[in-house]
Amino acid sequence: MDDYRHIELDGIAFVPAERTTERLALLSRDEAHDLLRLLSTIAEEGGPMSVEAGRLAREIAARIPSEN
């Protein structure tokens, strides 16, 4: 570990532990479909994030109701 650099944490403010267990607000169906379209587009473009975007798009598609 020759390239190890010690980082001082004294000046960093961390989120209190009780706030880290809160759930995020749920997405509306329209927001979920917007996100799904965005991820699908990224997956189709074939860039560096395409594999992960495709995986997330499949996960979201399996969990949300259809648009109709």
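Values reported hereafter were calculated over all heavy atoms of this structure, with side chains retained and with hydrogens, waters and symmetry mates removed.
Rounding to the nearest 0.5 angstrom, the gap separating the CD atom in E44 from the OG1 atom in T41 is 6.0 Å. One finds the CD1 atom of I60 at 4.0 Å from the CG atom of L35 (value rounded to the nearest 0.5 Å).
H33 places a side-chain N or O within 3.5 Å of a backbone atom of P65 that can act as its donor or acceptor partner.
Closest of all the heavy-atom pairs between A53 and A43 is CB-N, 3.9 Å. A57 and S40 get closest at one heavy-atom pair: CB-OG, 4.0 Å.
One hydrophobic cluster, built from ILVMFWY side chains closer than 4.5 Å, holds both I64 and L39. A continuous path of Ile, Leu, Val, Met, Phe, Trp and Tyr side chains, each step under 4.5 Å between heavy atoms, connects L38 with M49, placing both in one hydrophobic cluster.
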